[in-house]
Each structure stands twice: as C-alpha cells, then as structure tokens.
K.L.:
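Before I ask anything, let me first share the structure, which is written out below as structure tokens.
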Amino acid sequence: MTAAYLGLGSNLGDRLAHLQGAVDALAATSGIGVLAVSRVYETAPVGGPAQEDYLNAVVAIDTELRPRELLDVAMAVEQRADRVRTVRWGPRTLDVDVLVYDDERVDEPDLEIPHPRMHDRAFVLAPLHDVAPDRVEVPAAGWEGVTVTPLALQLP
Ligand code: GSY
C-alpha cells in the first residue's frame, strides 16, 4: 500500500456537497482507503478569470493503485460532479489533483507528481498541513527536504 495525497477544490454549485461526494467516491473505490480528510478552507481564486471563491481540502489515502490509475480515478470522480472543461483555470464543480504519491516522481505531459505548483498554493498547503504536518516534501528546486510545516506557517 502507498500513501498519497489528493487536493480537492470546488467553486461551482453546492461546493461542500461536491467535496463530500469526492471523499465518498474515493472511499468507495477499490484499491483506495481514505485515511484522513483535512478541514475545509474557503479560499480566494488563484489564476484564471474572475470567479467565485473556492472550497478546498486535502485527502490522505492508502492505495494499491499506480499513479496513472489514480489519475484515472481522479478524473472519473470529477466527471461524477459533471465537471466541464471549457475555460483553462476557470470555475469548476470539482477539481481532484494528485499532489503526492509516496516519494515517487512522475514527469509526464499530463501527469506531474509531486504537483508542480503545490508549494506556492496556500489553498493546497494549509489543508495538506492538516493531514501531513511532518513528512511531505515540496517539489520546487531548492525546497528539497523542507516539510510542509514551515511553509504553511508562512501563509497569511
Ligand atoms: O487547481 C485547482 C483549481 N483552482 C483553484 C482552487 O482549487 N482554489 C483556489 N483558491 N484557486 C484556484 N484556482 C484554480 S485553477
């Protein structure tokens, strides 16, 4: 079994229901066990067009799935929430990002793990800190070996 962390975000429709639906769908997926769910944070949108505030959370899982299988599950969970991909970085019912997969690195056009922008996204770091305060490294060059804790403490 492998520990992994998934980021959830929603800023369209019933945001909390979308996050809860994602947790429930992940828990019901064969090969995934949900270990912990962070608090839910209401966050200002980062990037993209003007849009409503998000709710964000992070889910810690134990999984038998490989990273690409996990990506497939993440996309299927988004589809359950009627996710429509029209505007890049635009509003969405549900976003499910694979943030971290044990200590593995994946560098493919459609799948980068650890998530390449997680280290400077407060909406990822704050909930990640809830479920993994000590052990997760961030991926940016120069940040190797740094845990999430000091990064989260720098947040406004
Ligand atoms: O990357 C996830 C989608 N997303 C978010 C988000 O989840 N939260 C906030 N606060 N801003 C965002 N911008 C994008 S794109």
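The chain is numbered in sequence order, starting from 1. Read the numbers this way: they start at 1 and go in the same order the structure lists the ligands and their atoms. Being a predicted model, the structure only gives us computed values, none of them experimental. Every heavy atom of this structure was used, including side-chain atoms; hydrogens, water molecules and symmetry mates were not.
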K.L.:
Please step through side-chain contact (heavy atoms from CB on, under 4.5 Å) for the pair Val131 and Val37, ending with a clear verdict.
P.N.:
CA-CA 7 Å; Val131 294; Val37 182; 5.8 Å; no
K.L.:
Got a second to check how far Thr43's OG1 is from Asn11's CG, nearest 0.5 Å?
P.N.:
8.5 Å
K.L.:
Sequence neighbours left out, what passes side chain to side chain contact (heavy atoms under 4.5 Å, CB included) with Gln79? Give chain and number order.
P.N.:
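If we apply the side chain to side chain contact (heavy atoms under 4.5 Å, CB included) test to Gln79, skipping adjacent residues, there are no hits.
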K.L.:
Does a side-chain N-to-carboxylate-O contact under 4.0 Å join Glu112 and Arg105?
P.N.:
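No, this pair does not count.
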K.L.:
Short N or O contacts of ligand 1 with protein, under 3.5 Å, listed by atom name?
P.N.:
from	atom 1	to	atom 2	distance (Å)
ligand 1	1 (O)	Arg121	NH1	3.2
ligand 1	7 (O)	Asn56	ND2	2.8
ligand 1	8 (N)	Asn56	OD1	2.9
ligand 1	10 (N)	Thr43	OG1	2.7
ligand 1	10 (N)	Ala44	O	2.7
ligand 1	11 (N)	Val46	N	2.9
ligand 1	13 (N)	Val46	O	2.8

K.L.:
Can you tell whether the side chains of Arg66 and Glu104 come within less than 4.0 Å, N to carboxylate O?
P.N.:
yes
K.L.:
Can we say Asp110 and Arg68 salt-bridge, meaning some charged N sits less than 4.0 Å from an Asp/Glu carboxylate O?
P.N.:
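So Asp110 pairs with Arg68 through a salt bridge.
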